[in-house]
Amino acid sequence: MKLWSQFFIPTLKESPADAEIASHKLLMRAGLVRKLGGGLYTYMPLGLRVIHKVSAICREEMDKAGAIELWMPHVHPVENWQQGPRWAAAREIMFRADHAGDGKRAPRDPEFVLGPTHEEIITPLVKTEITSYRDLPKNFYQIATKFRNEIRPRYGLMRAREFIMKDAYSFDADDAGAIKSYQAMKGAYDAFFARVGVKAISVEADTGVMGGSFSHEYMVPAEVGDDDVVYCEDSSYSANREKATSGIVPADLADAAPVGDTEKFATPGVVTIAALEAAPYSVPADRQFKTLVFVGDDKPFIVIVRGCDDVEEAKLGSLGFKLWRPATADEIVEVLGAKPGSLGAVKGTIKDPSKLGGIFADHAIRLIGNGTTGANEDGFHLRNVNVKRDLAITSFGDFRSVRAGEPCPKCGQPLKIRRAIEVGHVFKLGTKYSEKFGAVYTDDKKQMHPMVMGCYGIGISRTMQAVIEQSHDADGIIWPWSVAPFQVLVCLLDPQDAAASEVAKNLGAAAEKAGADVLIDDRAERPGVKFKDADLIGIPLRITVGGKGLKEGVVELKWRDQKEMKKIPLAEAEAIIADAVKSKA
RNA sequence: CGGGGUGUAGCUUAGCCUGGUAGAGCGCCUGGUUUGGGACCAGGAGGUCGCAGGUUCGAAUCCUGUCGCCCCGACCA
């Protein structure tokens with residue numbers, strides 16, 4: 001039981017100007033966090049209580065699923081990362097932590113980085129500690145701070161530079177075991193999000209820089225999310241847009257027959273799909289080939305999609321490059337011989353095909369018969385271009401971004417898309433890290449094998465904010481019982497009145513005995529201020545004790561998520577409150 | 001990193017275009033009146049106008065640079 005006057009809850013009437021979204025404003029206004037710098041936040045006493053509750057639930061579910069808690073350093077020797085499989089991709093988000101404070105690290109001084117995640121730490125550890133199949137499987141986790149130099153931190157705790165994450169790493173003897181571990185984590189995640197009161201859906205996801213064979217993200221639908229979730233209401237299909245496919249290309253598609261030879265025509269000044277759609281050319285975007293040039297591991301390659309489609313850059317990961325980026329105009333001219341706007345991949349028109357790492361075409365371009373594309377000569381295009389006959393394609397793949405309304409790949413019904421916040425991610429990693437670090441074990445036939453790994457993250461601090469984003473009204477936060485910083489608020493309207501104070505403390509004690517965390521608002525403030533603050537900080541159950549009510553022999557009981565308030569007789573108040581608390585626990 | 005914005009008291013901000021004493025509301029302190037949904041009156045404290053140059057008799061205001069922060073894009077739990 002805490003007295004408000006002896007605790008610290010600095011509420012604000014107005015939101016700081018840099019808070020954009022509801023949950024960020026409420027984090028600030030309810031005194032849960034304060035900003036130190038971009039993406040860096042102090043957890044204030046009230047906010048820390050929520051973090052502790054979320055962490056405790058996470059810990060319980062992880063333990064229940066058989067994971068084992070440990071704690072790893074967050075200052076990492078850079079060698080661990082240099083030896084790992086993703087140094088090139090990961091280094092740009094890592095903070096350096098040189099031990100030389102003046103920044104003048106001598107050549108022989110060790111170099112450190114702040115840990116953005118811990119595969120590079122746990123895998124070498126397991127390599128030295130576990131060598132026998134008898135010690136497998138194992139799943140280690142920690143709940144700790146992570147450091148990522150996000151290029152653009154935003155929305156408070158949603159995307160911070162320093163944040164709290166639960167990360168778990170499973171090690172199995174074989175693929176079947178790894179899938180079991182993966183399923184166990186999915187079960188734990190479902191239980192966790194249900195308990196903290198967040199409606200999270202799991203969706204198929206791109207594995208990104210983590211690598212690995214498959215993964216699911218846990219998404220909280222919200223307009224302010226950074227991701228797009230593609231889903232179908234009829235089938236169970238749901239996926240991150242980066243990964244999502246649609247049934248836009250029929251399986252039995254027959255390629256269109258050419259109507260004539262390819263033909264060059266002048267298109268002075270035309271450098272966009274839209275310009276070619278307009279008169280006098282009038283070529284619909286879905287009849288144009290869009291030719292884009294990327295550079296993958298220092299070698300240019302071409303991606304072709306329909307003019308009406310967008311390339312989903314994450315999908316280019318399937319091509320096997322470690323790093324890739326859009327090519328610059330100069331690089332494009334060097335290889336294709338023309339500037340962007342007149343590019344194509346028709347056989348014989350590419351200036352220097354030997355420099356290319358490949359020409360990759362999206363399946364959907366097969367829907368185009370006798371289309372139009374750039375001639376690799378500024379100001380000229382080619383018409384009557386046909387996929388099979390004319391384009392020098394290395395291979396086909398899925399590279400386009402799905403749009404709402406396209407047919408679901410499972411059932412054909414129209415797909416929908418909505419924004420969402422990623423709060424958790426499970427990856428089946430395979431042997432990418434264990435092979436790199438030599439984390440092998442000996443089986444019962446004296447054979448050595450790399451361990452099969454999985455990794456599993458939950459953004460603890462982000463989950464806290466996602467709860468607020470999903471559960472608030474115009475007056476403030478509405479905490480679910482399970483993660484509320486306090487569950488019962490005794491609103492003592494007349495703290496100078498000894499009898500009323502006594503009643504408040506007794507009722508608070510009764511609620512506490514029944515299992516609730518209790519806060520008593522004993523401040524010398526006017527009632528209006530107390531009620532406004534109560535709504536703002538969102539404590540689920542409010543008990544109001546005031547001189548007026550006591551004269552009638554009643555106190556008031558009000559749930560934060562309900563409109564109406566109930567007067568209860570003082571004589572029965574302790575029992576009624578205890579029952580209310582027990583009904584929630 | 002590219003594009004756009006912004007920086008004035010603890011918070012929200014006016015003033016800037018058109019240079020001339022830095023203003024308000026909230027919050028804070030003192031006293032009084034109040035007391036069931038962010039009270040009222042009186043008094044008070046608090047600002048090197050992000051920083052550094054420049055133009056000018058004179059700069060919060062104009063110019064240049066720089067830093068922080070916010071928004072849009074790529075990245076992520």
Side-chain angles (χ1 to χ4, degrees), chain A residues 10-21 24-25 28-29 31 34-40 58 89-90 92-94 116-117 143-168 189 200 205-210 215 217-220 224-227 240 242 312-314 323-326 420-427 455-466 475-476 491-497 524-536 542 544-551 555-556 558 565 567:
Chain A
T11 58
L12 301 172
K13 275 191 189 173
E14 288 175 294
S15 315
D18 58 11
E20 191 76 8
I21 64 173
H24 187 192
K25 289 177 181 170
M28 297 296 299
R29 289 191 54 211
R34 286 293 183 260
K35 184 164 84 168
L36 173 64
L40 303 171
C58 182
E92 64 187 62
I93 63 152
M94 301 212 300
T117 169
I143 296 175
T145 306
K146 292 280 179 284
F147 303 88
R148 293 184 192 171
N149 193 12
E150 294 291 344
I151 302 158
R152 186 151 88 85
R154 72 175 146 170
Y155 297 153
L157 302 178
M158 278 303 179
R159 194 195 293 180
R161 288 197 164 103
E162 182 181 316
F163 59 97
I164 302 172
M165 177 172 161
K166 183 283 304 174
D167 48 323
Y189 276 39
D206 181 66
T207 51
V209 73
M210 298 297 299
S215 82
E217 285 168 341
Y218 283 76
M219 295 293 209
V220 176
V224 299
D226 282 334
D227 288 274
N240 190 309
E242 292 183 342
E312 179 56 63
E313 282 195 38
L323 284 175
W324 62 91
R325 59 170 173 82
I421 301 161
E422 182 185 355
V423 288
H425 207 151
V426 294
F427 291 90
C455 73
Y456 318 93
I458 289 178
I460 299 290
S461 42
R462 181 181 280 185
T463 296
M464 170 165 95
Q465 190 172 345
D475 295 314
C491 207
L492 173 56
L493 297 186
D494 304 288
Q496 76 292 343
D497 179 332
E525 289 285 355
R526 295 164 57 85
V529 172
K530 295 193 173 207
F531 291 140
K532 286 290 182 189
D533 273 347
D535 289 343
L536 178 59
R542 188 181 87 196
T544 305
V545 177
K548 266 191 188 171
L550 289 182
K551 269 180 208 152
V555 297
E556 286 159 20
K558 182 180 179 303
M565 156 272 279
K567 293 191 176 185

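Sequence lines set the chain letters: A, B, ... in the order given, protein chains first and strands last, and positions in each chain run from 1.
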Spacing between A:K35 atom NZ and B:rG10 atom P, to the nearest angstrom
16 Å
Mind checking if A:R34 touches a base, just sugar-phosphate, or nothing, with heavy atoms under 4.0 Å?
nothing
Who are the side chain to side chain donor-acceptor pair (under 3.5 Å) partners of A:E312, not counting sequence neighbours?
A:S401
Looking across every strand, which nucleic acid part, if any, lies under 4.0 Å from A:Y456 by heavy atom: base, sugar-phosphate, or nothing?
nothing
Presence of donor-acceptor pair under 3.5 Å, side chain of A:E14 and base of B:rG25:
yes
If you look at every strand shown and take non-hydrogen atoms under 4.0 Å, does A:E150 touch a base, only sugar-phosphate, or nothing?
base
Between B:rC75 (C1') and A:N240 (CG): distance, integer Å
13 Å
Looking only at heavy atoms, the pair that brings A:G39 and A:A160 closest together is O-CB, 3.3 Å
Atom-pair distance (CG on A:L157; C1' on B:rC76), nearest Å:
15 Å
Listed partners of A:K166 passing side chain to side chain donor-acceptor pair (under 3.5 Å), at least two apart:
A:Y189
I'd like to check the side chain to side chain donor-acceptor pair (under 3.5 Å) partners of A:D475; sequence neighbours left out, ordered by chain and number.
none
Is any side-chain N or O of A:R154 closer than 4.0 Å to OP1 or OP2 of B:rG73?
yes
When every nucleotide of nucleotides 28-37 of chain B is labelled 5' to 3' by its protein contacts under 4.0 Å (heavy atoms), B for base, S for sugar-phosphate only, - for none, what sequence of letters results?
------BBBB
When rounded to the nearest Å, what value does the distance between P atoms of B:rC49 and B:rG53 take?
13 Å
What pattern of brackets, bars and dots sums up RNA chain B from 5' to 3', given Watson-Crick or G-U wobble pairs under 3.5 Å, [ ] for crossing pairs and | for another strand?
(((((((..((((......[..)))).((((((.....)))))).....(((((..]....))))))))))))....
Can you give me the closest heavy-atom contact between A:K530 and A:L492, atom names plus distance?
NZ-O, 2.6 Å
How is A:D227 classified with respect to the nucleic acid when contacts are heavy atoms under 4.0 Å: base, sugar-phosphate, or nothing?
base
So which pairs with a foot in residues 143-155 of chain A pass salt bridge (Lys or Arg N to Asp or Glu O under 4.0 Å), sequence neighbours left out?
A:K146-A:D167, A:R154-A:D226
Integer-rounded Å distance: B:rU12 C1' and A:M28 CE
13 Å
Under 4.0 Å, heavy atoms only, any strand: does A:A160 hit a base, just the sugar-phosphate, or nothing?
base
In whole angstrom, what separates A:I164's CD1 from B:rA77's P?
16 Å
Quick one: A:E313 CD to B:rC76 P, roughly how many Å, whole number?
12 Å
What's A:S15 touching, base or sugar-phosphate or nothing? Going by heavy atoms closer than 4.0 Å.
sugar-phosphate
Could you tell me how far B:rC62 sits from B:rG15 if I compare only their P atoms? Round to whole Å.
12 Å
Using atom P in both nucleotides, what's the gap between B:rA14 and B:rG4 to the nearest angstrom?
22 Å
When you compare B:rG25 with B:rC70, how far apart are their C1' atoms, in angstrom units rounded to a whole number?
23 Å
For A:R462 and B:rC75, give me the distance from atom CZ to atom P, rounded to whole Å.
14 Å
Looking at the base of B:rC75, is there any donor atom on it, or on the side chain of A:R152, that sits under 3.5 Å from an acceptor on the other one?
no
